[in-house]
Amino acid sequence: MANSVKTSVTELPESRVRVEAEVAPEEVERRVQQAARELGRQMRIPGFRKGKVPSPVVIRRLGRDAVLDEAVRSALGSWYADAIDGAGIAPVGEPELDVGDMPQEGQPLAFSIEIGVRPTAKLGEYKGLEVGRREPQVEDAQIDEEIDRLRDRLATLDTVERPAANGDHAVIDYVGTVDGEEFEGGAGRDQLVELGSDRLVPGFEEQLVGASAGEERTVTVTFPDDYPAPELAGKEAQFAVTVNEVKAKNLPEPDDDFASEAAGFDTLAELREDIGERLQKVDARALEREYEDAVVEAAVAEAELEVPDKLVHARAHELLEDTFAVLARQGVSKEAYLRITGRDEEALAHEAEPEAAAALKREAVLAAIVDAEGIEPTDEQVTEALEPSAERQGTTAEKLFEQLQSSGRLDRVRREVATRQAIDLLVAEAKPISVEQAKARKKIWTPGKETAGDTGTRPPSGQLWTPGGS
């Protein structure tokens with residue numbers, strides 16, 4: 001309940017704030033009773049059935065202070081989120097949280113948060129900016145690559161009576177040993193290996209080039225230091241390999257018959273035309289994203305704002321945590337990723353600082369545009385924006401809207417929609433020019449605009465000066 005936490009904000013140097021928060025007495029008591037019920041489900045007290053110990057009995061038995069401590073621990077995350085939302089700030093980095101003395105019954109609970117916040121931008125020109133925009137294009141070489149991929153999918157593997165070469169497939173049996181001992185997962189029969197694919201341990205495939213069917217070879221490799229099986233990482237292994245067959249990939253000719261079999265077209269020319277149209281659509285979508293990013297960056301370039309180094313580093317750590325979360329969903333632990341990259345978290349965070357600084361500037365400028373334009377999405381617009389998420393969750397946008405509203409998370413979504421609308425406004429107001437013009441603009445000197453520390457290389461307000469112009 002967001003209205004149960006009152007907040008006041010004090011601005012600090014270097015884009016930091018202190019939020020003083022106070023949780024209403026009735027909310028504290030509600031959480032105490034909730035914690036007592038949870039504890040009561042785990043307690044055994046004579047005269048009461050297990051899990052049915054009343055809250056007053058739990059509080060008398062354990063003491064109110066112990067139950068209050070449990071209540072605060074379980075509720076603090078929610079109160080923190082309410083305080084941040086109530087303060088209307090965009091936090092950056094880890095907070096410094098200070099919880100005051102535990103309150104007596106009927107008294108509020110106070111805590112403070114000190115945290116970095118998104119910097120404030122002073123907007124320059126942001127409407128009518130001239131921004132380079134290329135035209136969608138598809139090269140013949142791109143179409144050739146797609147044709148080759150189709151040919152590869154329809155290729156056959158034909159047994160040949162010759163030594164294996166790169167690009168061939170070898171059917172092999174193998175047994176691997178480390179220090180003379182076989183290891184788990186190190187043996188296989190009739191395994192199909194594509195030579196030159198670099199899918200196996202480095203050096204394995206290369207040592208089979210030139211082998212013929214029936215030949216036996218000893219392949220010696222060293223497992224990489226970041227090999228997923230720690231017991232093998234960095235160790236040398238020998239594989240006793242028997243080559244059973246050598247198979248050559250037979251690609252179909254890129255002709256009309258191939259076009260018919262691969263995609264149902266009468267001629268190869270029709271297939272190439274279809275591929276070209278699809279690639280053009282893909283490039284057009286990419287172009288829209290590129291242009292949108294360029295327009296926002298142009299608005300950022302016109303704005304004035306300071307982004308403290310500590311804030312940038314804090315955001316870099318947030319970006320890194322996002323990366324770890326994505327990798328975890330893919331089955332790669334943070335520890336494994338750090339081992340693979342050979343760097344620690346601090347080194348990776350420093351590498352992410354340019355991206356973090358750019359993100360903070362972009363967010364600050366877009367937030368300033370939302371304020372300057374008075375952008376306030378309607379409930380209908382927010383509901384429409386929720387449709388993709390609702391579909392993924394198997395519900396309706398209207399129900400998701402109600403869930404977010406009741407949990408106090410709707411304002412966050414509304415801000416995201418407002419940011420999207422600010423971007424749409426920038427793009428709609430921008431004036432696309434050719435990429436050549438955009439590149440030339442950076443080289444054109446603007447008369448009368450020399451100022452201390454200004455090279456005069458950027459025209460004012462995004463305008464392109466030409467000789468004889470006003």
Side-chain angles (χ1 to χ4, degrees), residues 1-9 11 15-24 27 74-95 97 111-121 292 296 311 314-315 317-326 329 356 359-426:
M1 297 172 61
N3 59 4
S4 66
V5 181
K6 296 179 181 179
T7 60
S8 63
V9 181
E11 292 189 5
S15 287
R16 292 183 68 80
V17 298
R18 181 181 295 108
V19 179
E20 301 290 349
E22 184 179 275
V23 184
E27 166 66 2
S74 63
L76 192 56
S78 174
W79 291 338
Y80 168 83
D82 289 345
I84 293 296
D85 286 343
I89 60 174
V92 178
E94 291 294 322
L97 196 61
F111 64 94
S112 68
I113 306 163
E114 188 172 319
I115 193 168
V117 292
R118 183 181 60 211
T120 301
E292 179 180 287
V296 174
L311 199 68
R315 171 52 61 87
H317 271 286
E318 290 181 344
L319 295 177
L320 192 57
E321 289 301 322
D322 290 343
T323 299
F324 290 150
V326 171
R329 289 195 291 271
L360 285 169
K361 290 177 182 179
R362 176 187 173 102
E363 292 165 14
V365 168
L366 290 173
I369 291 171
V370 168
D371 290 341
E373 294 290 329
I375 296 175
E376 295 182 3
T378 64
D379 288 352
E380 291 75 17
Q381 290 170 330
V382 175
T383 302
E384 182 180 353
L386 288 172
E387 286 178 357
S389 296
E391 186 175 348
R392 288 193 298 271
Q393 296 177 30
T395 186
T396 65
E398 290 75 16
K399 288 182 179 178
L400 183 56
F401 182 99
E402 292 173 2
Q403 292 170 9
L404 292 169
Q405 190 171 42
S406 62
S407 65
R409 291 181 293 161
L410 189 64
D411 285 346
R412 199 169 305 171
V413 177
R414 199 180 297 275
R415 288 194 294 270
E416 291 172 0
V417 176
T419 299
R420 179 69 254 174
Q421 291 177 344
I423 295 173
D424 291 343
L425 179 147
L426 286 177

Reported [atom1]-to-[atom2] distance for the pair [X] and [Y], which is rounded to 0.5 angstrom:
X	Y	atom1	atom2	answer
Phe401	Arg414	CZ	CZ	5.5 Å
Leu410	Asp379	CG	CG	7.0 Å
Arg409	Gln403	CZ	CD	8.0 Å
Asp322	His317	CG	NE2	13.0 Å
Asp82	Lys6	CG	NZ	14.5 Å

Assess whether side chain to side chain contact (heavy atoms under 4.5 Å, CB included) is satisfied between Glu292 and Ile423, documenting all intermediate values. CA-CA 8 Å; Glu292 179 180 287; Ile423 295 173; 3.4 Å; yes

Taking C-beta and beyond as the side chain, do [X] and [Y] meet within less than 4.5 Å on heavy atoms?
X	Y	value
Pro119	Leu311	yes
Val9	Arg18	no
Leu76	Leu97	yes
Leu386	Leu404	yes
Val5	Tyr80	no
Glu398	Thr383	yes
Leu400	Gln393	yes

So, for [X] and [Y], which heavy atoms are closest and what is the spacing to 0.1 Å?
X	Y	result
Ile115	Pro91	CD1-CB, 3.5 Å
Phe111	Trp79	CZ-O, 3.8 Å
Glu384	Pro388	O-CD, 4.1 Å
Thr7	Ala87	OG1-N, 3.6 Å
Glu387	Ala397	CG-CB, 3.7 Å

Could you go through Val117 and Val92, starting from their C-alpha distance and side-chain angles, then the distance that decides it, and tell me whether this counts as side chain to side chain contact (heavy atoms under 4.5 Å, CB included)? CA-CA 5 Å; Val117 292; Val92 178; 5.8 Å; no

Keeping the roles fixed (side chain from [X], backbone from [Y]), state whether a donor-acceptor pair exists under 3.5 Å.
X	Y	answer
Glu27	Ala24	no
Ser78	Ala75	no
Thr323	Leu319	yes

Take a 6.0 Å sphere around CD of Glu114 and say whether it holds more than 12 heavy atoms from other residues, nucleotides or ligands. yes

If you count heavy atoms of other groups shown closer than 6.0 angstrom to CD of Glu94, is the number above 12? no

With a 3.5 Å cut-off and sequence neighbours excluded, list the donor-acceptor pairs that the side chains of residues 360-369 form with protein atoms.
from, atom 1, to, atom 2, distance (Å)
Glu363, OE1, Arg315, NH1, 3.1
Glu363, OE1, Arg315, NH2, 3.3
Glu363, OE2, Arg315, NH1, 2.7

By salt bridge (Lys or Arg N to Asp or Glu O under 4.0 Å) - contacts of Arg412 (at least two apart): Asp85

Show, in sequence, the C-alpha distance, side-chain angles and deciding distance for Glu373 and Gln421, and conclude whether the side-chain hydrogen bond (donor to acceptor under 3.5 Å, both in side chains) test is met. CA-CA 10 Å; Glu373 294 290 329; Gln421 291 177 344; over 6 Å; no

When you look at Asp424 and Arg420, which way does the salt bridge (charged side-chain N to carboxylate O under 4.0 Å, His left out) test go after all the steps? CA-CA 6 Å; Asp424 291 343; Arg420 179 69 254 174; 3.0 Å; yes

